[in-house]
Colleague: 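Got a structure for you, questions after.
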Amino acid sequence: MPKRRYLVTSGLPYSNGRLHVGHVAGAYLPADTYVRFLRARGHDALFVCGSDDNGVASLISARKEGIPVEELTAKYNARQAEDFKGLGIRFDIFGGTHQPGFTDLHNRLSQEMFTTIHDKGYFTKKTTKQLYDVEAGQFLPDRYVKGTCYHKLPDGSVCGYTEAYGDQCESCGHAIDPIELIEPTSTITGTKPEPRETTHWYLRLDAFEKQLQEWLEGKREAANGDPAWRETVLNFTLGQVRQGLPERAMTRDLDWGVPVPLDDPDAAGKMLYVWFDAPIGYVSFTAAYCQQTGGDWAGYKNWWKDPDTRLVHFIGEDNTVFHALIWPAMLMAEGTYQLPRTVVANSFLNIKVEGQEEQKISKSRGMAIWVEEYLKNLEPDPLRYYLTAISPETSRTAFDIDDFIARNNGELLNALGNFVNRTITFTRKHFEGAVPEPGERSQADQDHLDFIAAQKEKITLSLDACRFKAALAELMALARAGNGYLDLKKPWTQRKEDMAACGTTMNIGIQTVRALAVLMAPFMPFSAEKIAGMLNLESEDGVLPWDDATSELGAGHPLAEAEILFRKLDASELFGAD
RNA sequence: GGCGGCGUAGCUCAGUUGGUUAGAGCGAUGGACUCAUAACCCAUAGGUCAGUGGUUCAACUCCACUCGCCGCUACCA
């Protein structure tokens, strides 16, 4: 297999809060698993992420917490970085669009892209009326305006719902133009905003409709080693294209962000739209990485402008429109960058606790499992395992605490952990702490070895296709088969009758343990590392070469003492409210 | 209203171009074993694949409609 070069990104987390399990399951854990898999197969991979610090949401949060926005984003950037580290999600670089050491490069690259697109004529300059909060001194995004719904119902009356937000009325369901709201109120200050004129630059997405459509249509099938895109992403984006793509404003009236780099009085005091600069974060963090490791930030071009680099974005479903339509359109407009090869979008994760209905994860209602809290008491691998097992790849799924406990105890502990433990323990005890001679293999022995190879192949295919849940199920099938094999061969009986036959069984048992260690490493790196320790395997920076799953550990290879991989969990001792 | 998705065993879900008796895990029942974190293994039970109609030699799989649930509808990210 030829060595390939990958640039993998995870959607930038917004640096105005902590991370919960839904974030992890969406854009971060699958990406980390994928990168570990690529490296195990010998490919080059650069894994890039960082926080999204700009935009109005962090300003609002900073106001709420009563601290400067720089302080707020720095605080959450650091805490999120810790969370990722604790979970074994290992980015090569974790930057931030407004963090010290990153801002200069980020602003520069963002402004360059804006300028290039502007000079190529893909922006339209337009002046519109928007609501302005005089007290806060800022224009209000739709969502931050509240008022009475003006929408006329079929019977001729007016909806009149008084709690309607500026984007949509929850009572009649109609989309709202905030300018039309009756008695509008700013949700920031509670004052009445006034309409003011403002000028912005709109990206002409319509100019790229055809190009986007052809590009997306080409993603239905796997090609050139790139997987087929998920149907959910294609259905959504192609549906949008079919309906026609409107112009979208790429600038905002704000004082926090990347300044609009135009020599135009109308651009004074304006910033780039946060969704314009956020994906450029992937580029600027790459540049920062190049600067930190090789001294030359311009090295980012070797990743971003080289057609041999495969750019893969992992995101949550809410980011689909930005990563699969707007961002590619920006890249098409700019003209010198490579387009994403793959955009992997996961759906949201709901949460379910005993006695209650499944519901959305919610900060305000305390319905969330925070990574920080989890890591205080528990090991990362069970969470990595569970979140992959219930990965919302095709539709929403729910984090169910009872289910988490049941899977930890029944699958990780009883099936996988116990198999590793019984195999190592028995072999050490009866074969002087080393791998026994393979001896003569029966049909059953060969069948089991064939099964290992078959599972490795299935897992490889599934991971290549970014089907993490399916790959993990095949891994568990191998652990179960290991248990079945031992029960079939009964080495505890063989030991008394035919020591050589017993040695053959345990030799194959050890080969199975080794295969498990290699194949589970992308999913559960900490546990894989423990098994590697028991088997005295060489691993380079935590990477176990993928093909070692089916290469045999020789007779006489020493074994270390068995170590408990997973411990039994009880729901009552975990996950206190909030 | 428009776009999209979902509805498969008691529970959670898989079913990759339509093709033989529809699968897995958990749970339940019965049996076996004792190397192991009282774990593991084997067997059995259980489904009119939401419903109706259609295309086809053949449909869980394609088409139409019905019922139920959900998401999105774009300057909040």
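Below, chain A is the first sequence line, B the second, and so on; all start at residue 1.
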Colleague: Is any side-chain N of the basic residue among R396(A) and E317(A) closer than 4.0 Å to the acidic one's carboxylate O?
Modeller: yes

Colleague: I'd like to check, for W492(A), whether its ring lies over the base of C35(B) with centroids under 5.5 Å apart and a plane angle smaller than 30°.
Modeller: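 So yes, this residue stacks on that base, both cut-offs being met.
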
Colleague: Sort out the partner of U44(B) for me: Watson-Crick or G-U wobble, both distances under 3.5 Å, none otherwise.
Modeller: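 Its partner is A28(B) (Watson-Crick or G-U wobble, both distances under 3.5 Å).
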
Colleague: Can you see if the side chain of K568(A) gets near the phosphate of A39(B) - specifically, an N or O under 4.0 Å from OP1 or OP2?
Modeller: yes

Colleague: Look at the side chain of K469(A) and decide which nucleotide, out of C40(B), C13(B), U37(B), has an atom nearest to it.
Modeller: C13(B)

Colleague: Is the phosphate of A77(B), meaning OP1 or OP2, less than 4.0 Å from a side-chain N or O of N319(A)?
Modeller: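 No.
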
Colleague: To the nearest Å, how far apart are R407(A) CZ and C11(B) P?
Modeller: 16 Å

Colleague: Please determine if R204(A) forms a cation-pi arrangement with Y122(A), meaning its NZ or CZ atom is less than 6.0 Å from the six-membered ring centre and no more than 45° off the ring axis.
Modeller: no

Colleague: Among G4(B), C72(B), A74(B), which nucleotide has an atom closest to any side-chain atom of R242(A)?
Modeller: G4(B)

Colleague: Just the rounded figure in Å: distance from P of C72(B) to CZ of F348(A).
Modeller: 8 Å

Colleague: Kindly say if T394(A) contacts the phosphate of A14(B), meaning a side-chain N or O under 4.0 Å from OP1 or OP2.
Modeller: yes

Colleague: Can you check the distance between G15(B) and A9(B), where both ends of the measurement are the C1' atom (answer in whole Å)?
Modeller: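 My reading of the C1' atoms in G15(B) and A9(B) gives 14 Å.
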
Colleague: Between G18(B) and A38(B), how far apart are the P atoms? Round to whole Å, please.
Modeller: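 Those two atoms are separated by 49 Å.
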
Colleague: With both distances under 3.5 angstrom, what nucleotide forms a Watson-Crick or G-U wobble pair with A9(B)?
Modeller: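 A9(B) is paired with nothing.
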
Colleague: Nearest to the Q240(A) side chain among A74(B), C35(B), U37(B), which nucleotide is it?
Modeller: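 Closest nucleotide to the Q240(A) side chain: A74(B).
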
Colleague: Under 3.5 Å for both donor-acceptor distances, Watson-Crick or wobble: does A14(B) have a partner, and if so which one?
Modeller: none

Colleague: Return the nearest nucleotide to the side chain of A57(A); candidates are C76(B), G25(B), A74(B).
Modeller: C76(B)

Colleague: Verify, without hydrogens or angle tests, whether Q80(A) (side chain) and G50(A) (backbone) share a donor-acceptor contact under 3.5 angstrom.
Modeller: no

Colleague: Among the nucleotides C75(B), U37(B), A77(B), which one has an atom lying closest to any side-chain atom of D318(A)?
Modeller: A77(B)

Colleague: May I have the distance from E231(A) (atom CD) to C3(B) (atom P), rounded to whole angstrom?
Modeller: 18 Å

Colleague: Can you tell me which nucleotide in G15(B), C35(B), G25(B) comes closest to the side chain of R480(A)?
Modeller: G25(B)

Colleague: Could you check which of G71(B), U37(B), C75(B) has an atom nearest any side-chain atom of R396(A)?
Modeller: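 Of all the options, the side chain of R396(A) is nearest to G71(B).
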
Colleague: So if I take every side-chain heavy atom of Q243(A) and compare against G2(B), C41(B), A36(B), which nucleotide ends up nearest?
Modeller: G2(B)

Colleague: Counting only side-chain heavy atoms from C-beta out, which of C35(B), C40(B), A77(B) sits nearest to Y273(A)?
Modeller: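 Looking only at heavy atoms from C-beta outward on Y273(A), the closest nucleotide is A77(B).
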
Colleague: Take L131(A) and F139(A), measure what side chain to side chain contact (heavy atoms under 4.5 Å, CB included) needs, and give me the verdict at the end.
Modeller: CA-CA 6 Å; L131(A) 291 177; F139(A) 282 93; over 6 Å; no

Colleague: Distance check, C1' atoms only: G2(B) and C13(B), in whole angstrom units.
Modeller: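 Here G2(B) and C13(B) have their C1' atoms 31 Å from each other.
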
Colleague: Do R422(A) and D487(A) sit within salt-bridge range, that is, some charged N less than 4.0 Å from a carboxylate O?
Modeller: yes

Colleague: Regarding G417(A), tell me which of base, sugar-phosphate or nothing describes its non-hydrogen contacts under 4.0 Å with the strands shown.
Modeller: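 Here G417(A) touches the bases of the nucleic acid.
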
Colleague: Whom does C33(B) pair with, Watson-Crick or G-U wobble, provided both distances fall under 3.5 Å?
Modeller: none

Colleague: Find the partner of G53(B): check Watson-Crick (N1-N3 plus N6-O4 or O6-N4) and G-U wobble (N1-O2, O6-N3) distances, both under 3.5 Å, and reply none if neither fits.
Modeller: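 Pair assignment: G53(B) / C63(B).
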
Colleague: Establish, from distance only, whether the side-chain atoms of W256(A) and H98(A) form a donor-acceptor pair under 3.5 Å.
Modeller: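 There is no such pair between these side chains.
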
Colleague: Across all strands shown, which nucleotide pairs with G71(B) by Watson-Crick or G-U wobble geometry, both distances under 3.5 Å?
Modeller: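 The answer is C3(B), by the H-bond criterion.
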
Colleague: If C76(B) has a Watson-Crick or G-U wobble mate with both distances under 3.5 Å, name it; if not, just say none.
Modeller: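 Its partner is none (no Watson-Crick or G-U wobble pair with both distances under 3.5 Å).
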
Colleague: Rounding to an integer number of angstrom, what distance separates U55(B) and A22(B) when you compare their P atoms?
Modeller: 24 Å

